[in-house]
Protein chains: 2
Amino acid sequence: MELLKQRIQSEGLALTEHVLKVDSFLNHQVDPKLMEAMGEEFARYFKDHHITKVFTIESSGIAPTVMTALKLGIPMVTLKKQASKILNQEVYQTEVRSFTKDLRYLLTLSKNYITPEDNILIIDDFLAMGEAALGAARLAEEAGAKVAGIGIVIEKSFQPGREKLEEAGYEVYSLARIQKLGKGIIEFLT
Amino acid sequence: MELLKQRIQSEGLALTEHVLKVDSFLNHQVDPKLMEAMGEEFARYFKDHHITKVFTIESSGIAPTVMTALKLGIPMVTLKKQASKILNQEVYQTEVRSFTKDLRYLLTLSKNYITPEDNILIIDDFLAMGEAALGAARLAEEAGAKVAGIGIVIEKSFQPGREKLEEAGYEVYSLARIQKLGKGIIEFLT
């Protein structure tokens, strides 16, 4: 998505070979017009995938995902990050390890908001090791639902996330794919 | 806002005299069309307030707030909840106590995304004790900016939040005002 790549190039801060800050339009300050354009692009790409619900993980994925859900005319479900196990039968939970933030959390989904008939699109802001997206997919599949695809705003293509998701059989569509990061360096794959 | 009141009445779960769950359309599963309608309503109400930025607090306020920011044509800033103090000069932080969740966190705003010229609208999903909104207002004012108003999706009018915000001089606009909660009881103020 050209518009997004331009914003990453002009406003993104490559702090190290692995860390890209996009706090001016995605992760802290948020440009709603760009979010709408992303929602339109995800909806265009996945329009024939018969999606019934869009999942995201709190909290930076929410803005582009609610726009996608609006354009597709279906509900969004925000998966919660819980610090500890919820002891009841009303939720699905799975442990996710965040390498970027060096922590673990329990991704949580209420059983009320998924059925075996659901066909889920998972959207997240970043793809690095793929752990969050794989966790979201486990929750959908534990409920007997199908994962119809995974939409990513910014993919770090030099990390193994996409490969792991594709090996697991998921279709991945990323709006921007980054080949290389370094101090002051941001190179896109295509 | 009639549409919201109908959804609260038909889908809201009053668990106790203080707890209302609206997980089916706002806090876990999210109805994007309702979020868009809320964004239109907040934008309509505040359109002559010369707002330059909309603040919200992660994460349940993000969906209605990004829609409001889109309709107003201005950026959103998502204030972060940090567990511990960030030791640098690049952020404003203030402690907020959540009575509902019985915890404290440090509401955090990067200095890059606010100026003394800003005129801030603060939006949050619930208003109970007013602590989160007051914290957001403190951050804006610490930067020398003005708080132009506070928009709330669901106000618990039987708790002192609105009174505290109005006493501090802020204009509050709530889409739904709840007078009384109880097991199976949801009564609106108007």
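Chain letters run A, B, ... following the sequence lines, proteins first, then strands; residues in each count from 1. If you're wondering where the values come from, they're calculated on a predicted model, not measured in any experiment.
Here the closest non-hydrogen pair linking A:V66 and B:P32 is O-CB, 3.7 Å.
Between the CD atom of A:E90 and the CG atom of B:D23 there is a distance of 10.5 Å, given to the nearest 0.5 Å. To the nearest 0.5 Å, atoms CG (A:D31) and CG (B:L70) are separated by 9.0 Å. Here the CD1-NZ distance, from B:I74 to A:K33, works out to 10.5 Å after rounding to the nearest 0.5 Å. A:Q29 CD to B:M76 CE: the interatomic distance, rounded to the nearest 0.5 Å, is 10.0 Å.
Looking only at distances, a side-chain donor or acceptor of A:Y113 sits under 3.5 Å from a matching main-chain atom of B:S24. Remark: the backbone N or O of A:S110 is paired with a side-chain donor or acceptor of B:H28 at under 3.5 angstrom.
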>> Before you tell me yes or no, could you show the steps for B:V30 and A:T78 under side-chain contact (heavy atoms from CB on, under 4.5 Å), namely the whole-Å CA-CA distance, both residues' side-chain angles and the distance that decides it to 0.1 Å?
In response: CA-CA 8 Å; B:V30 176; A:T78 304; 4.2 Å; yes
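Annotation: maximal heavy-atom pairing with chain A below 4.5 Å, among B:S60, B:A63, B:G73, occurs at B:A63. Of the listed residues B:K71, B:K80, B:M35, the one with more heavy-atom pairs under 4.5 angstrom with chain A than any other is B:K80.
A:L26 and B:V77 fall into different hydrophobic clusters, defined by Ile, Leu, Val, Met, Phe, Trp and Tyr side-chain heavy atoms under 4.5 Å apart, directly or through other members. At a threshold of 4.5 Å between side-chain heavy atoms, the hydrophobic network of Ile, Leu, Val, Met, Phe, Trp and Tyr places B:I152 and B:I178 in two separate groups. Hydrophobic clustering (ILVMFWY, side-chain heavy atoms < 4.5 Å, transitive): A:V54 and A:V147 are in distinct clusters. Residue B:M67 is not grouped with residue B:F55 when hydrophobic side chains (ILVMFWY) are merged at heavy-atom distances under 4.5 angstrom, including chains of intermediate members. A:Y105 and A:V91 are not part of a single hydrophobic cluster, where members link through side-chain heavy atoms under 4.5 Å apart.
At a 4.5 Å heavy-atom cutoff, the contact between A:L109 and chain B is made by backbone and side-chain atoms alike.
Annotation: A:K111, atom NZ; neighbour count of heavy atoms from other residues, nucleotides and ligands within 6.0 Å is above 12. Summarising the local packing, CD of A:E17 is surrounded by 12 or fewer heavy atoms from other residues, nucleotides or ligands at distances under 6.0 Å. With a 6.0 Å radius and a threshold of 12 heavy atoms from other residues, nucleotides or ligands, A:N88 has its CG atom above the threshold.
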